[in-house]
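Have a look at the structure below, then the notes.
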Amino acid sequence: MTYVDIGIKLIFGLVALLVVTRLLGKKEMSQLTPFDFIYSIVLGGILEESIYDDKVSGLHVWFAAAVWGIMLYGIEKASKKYDKIRIWLKGEPSILIQNGEFMVDELNKNHLEMEQLRTMLREHGVFSLREVRDLYLEPGGSISMRKYAEKGSLTPEMIGISPKDDSLTFLFIDEGEINESILEYVGKTKEWLCHELEKERIGDIKEILYAEWSETDGFFIKTYNGDKNGPEKGN
């Protein structure tokens, strides 16, 4: 194998990849579904495996990319025409929170932990789940949300007030388990936590799906059978 052969394969491969990619349409990385991710890897693998194999010519690269591209194009067309095929191959949005209530089955189905969910929300500028009315997990792994009206885009300047900033929120209980390291970081004890939960008429921590706390807003608690909101201000 000569350097010329390698160069020709790279050129042929690059042209083939560009053609197939353009044929399948533009997508941001955040819009890629698991199916899109897999076919992208395979397409790159076709070029990678052929570069140093002297039995594979540039025309072979084009042929392999063409067959792969035609199959993908057919799948994309079928996905647009038939919803069942689209859902099976690319998935559909999952409702994680609806009208303020956690969809526990969907959280478990998507293997999402509460702290992962909080991280995703912080990336969207939301630091407390009390703000979220509806939350969707999109097929590509991104989230979309609708906030409660009182947590919307109305600014304090519009009504002439100067509110104080909220303090950080801390996840004390996650799916029935106490986050002892976070309690210790905040300077609270398990005894204090149990005492505060008694005020909320919750006797068993295992009943709690999610419990966050902040210095300014106190507790925000979701149980497996409903929700309990703590006092407006901290305890």
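Numbers here simply count residues along the sequence, with the first being 1.
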Practice prompt. Please test M145 against E131 for side chain to side chain contact (heavy atoms under 4.5 Å, CB included), starting from the C-alpha separation and ending with a verdict.
Written response: CA-CA 10 Å; M145 78 183 80; E131 301 178 32; over 6 Å; no
Item to complete: For the pair I221 and L197, evaluate side chain to side chain contact (heavy atoms under 4.5 Å, CB included) and give the outcome as yes or no after the intermediate values.
Response: CA-CA 9 Å; I221 300 171; L197 292 177; 3.8 Å; yes
Worksheet item: Hey, mind stepping through M120 and H124 against side chain to side chain contact (heavy atoms under 4.5 Å, CB included) and telling me if it holds?
Response: CA-CA 7 Å; M120 295 166 75; H124 286 74; 5.6 Å; no
Item to complete: Walk me through it: do I97 and I95 pass the test side chain to side chain contact (heavy atoms under 4.5 Å, CB included)?
Response: CA-CA 6 Å; I97 299 176; I95 303 176; over 6 Å; no
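When all heavy atoms are compared, the tightest approach of S128 to T169 is CB-CG2, 4.0 Å.
Salt bridge present: R122 and E115 bring a charged side-chain N and a carboxylate O closer than 4.0 Å. With salt bridges taken as basic N to acidic carboxylate O contacts below 4.0 Å, none links E196 and K188.
For the atom pair N110 CG and L137 CG, the distance stands at 5.0 Å (nearest 0.5 Å). Atom CE of M114 is separated from atom CD of E177 by 13.0 Å, given to the nearest 0.5 angstrom. Atom OG of residue S94 and atom CG of residue D105 lie 11.5 Å apart, to the nearest 0.5 angstrom. Expressed to the nearest 0.5 Å, how far CG of L193 lies from CD1 of I205 amounts to 5.5 Å. To the nearest 0.5 Å, atoms CG (L96) and CZ (F102) are separated by 9.0 Å. One finds the NZ atom of K222 at 10.5 Å from the CZ atom of R130 (value rounded to the nearest 0.5 Å).
For the pairing with D174, the side-chain contact (heavy atoms from CB on, under 4.5 Å) check across L117, N179, L209, I182 returns one residue only, N179. A side chain to side chain donor-acceptor pair (under 3.5 Å) with R118 is found for exactly one of E212, E113, E123, namely E212.
Atom CD of Q116 has more than 12 heavy atoms from other residues, nucleotides or ligands within 6.0 Å.
Judged by distance alone, the side chains of Y136 and E138 never bring a donor and an acceptor atom under 3.5 Å apart.
F127 and F220 are not part of a single hydrophobic cluster, where members link through side-chain heavy atoms under 4.5 Å apart. If you chain together hydrophobic residues whose side chains sit under 4.5 Å apart, L107 and M103 never meet in one group.
Not counting sequence neighbours, R133 has no partner by the salt bridge (charged side-chain N to carboxylate O under 4.0 Å, His left out) test. The side-chain hydrogen bond (donor to acceptor under 3.5 Å, both in side chains) test applied to K77 returns no partner, not counting sequence neighbours.
Using cut-offs of 30° and 60° for the angle between ring planes, the W213 and F172 rings count as parallel.
In this structure, Y185 and F170 have side chains that are in contact, with non-hydrogen atoms separated by less than 4.5 Å. Contact of the K199 side chain with the H195 side chain is registered, since non-hydrogen atoms from C-beta on lie closer than 4.5 Å.
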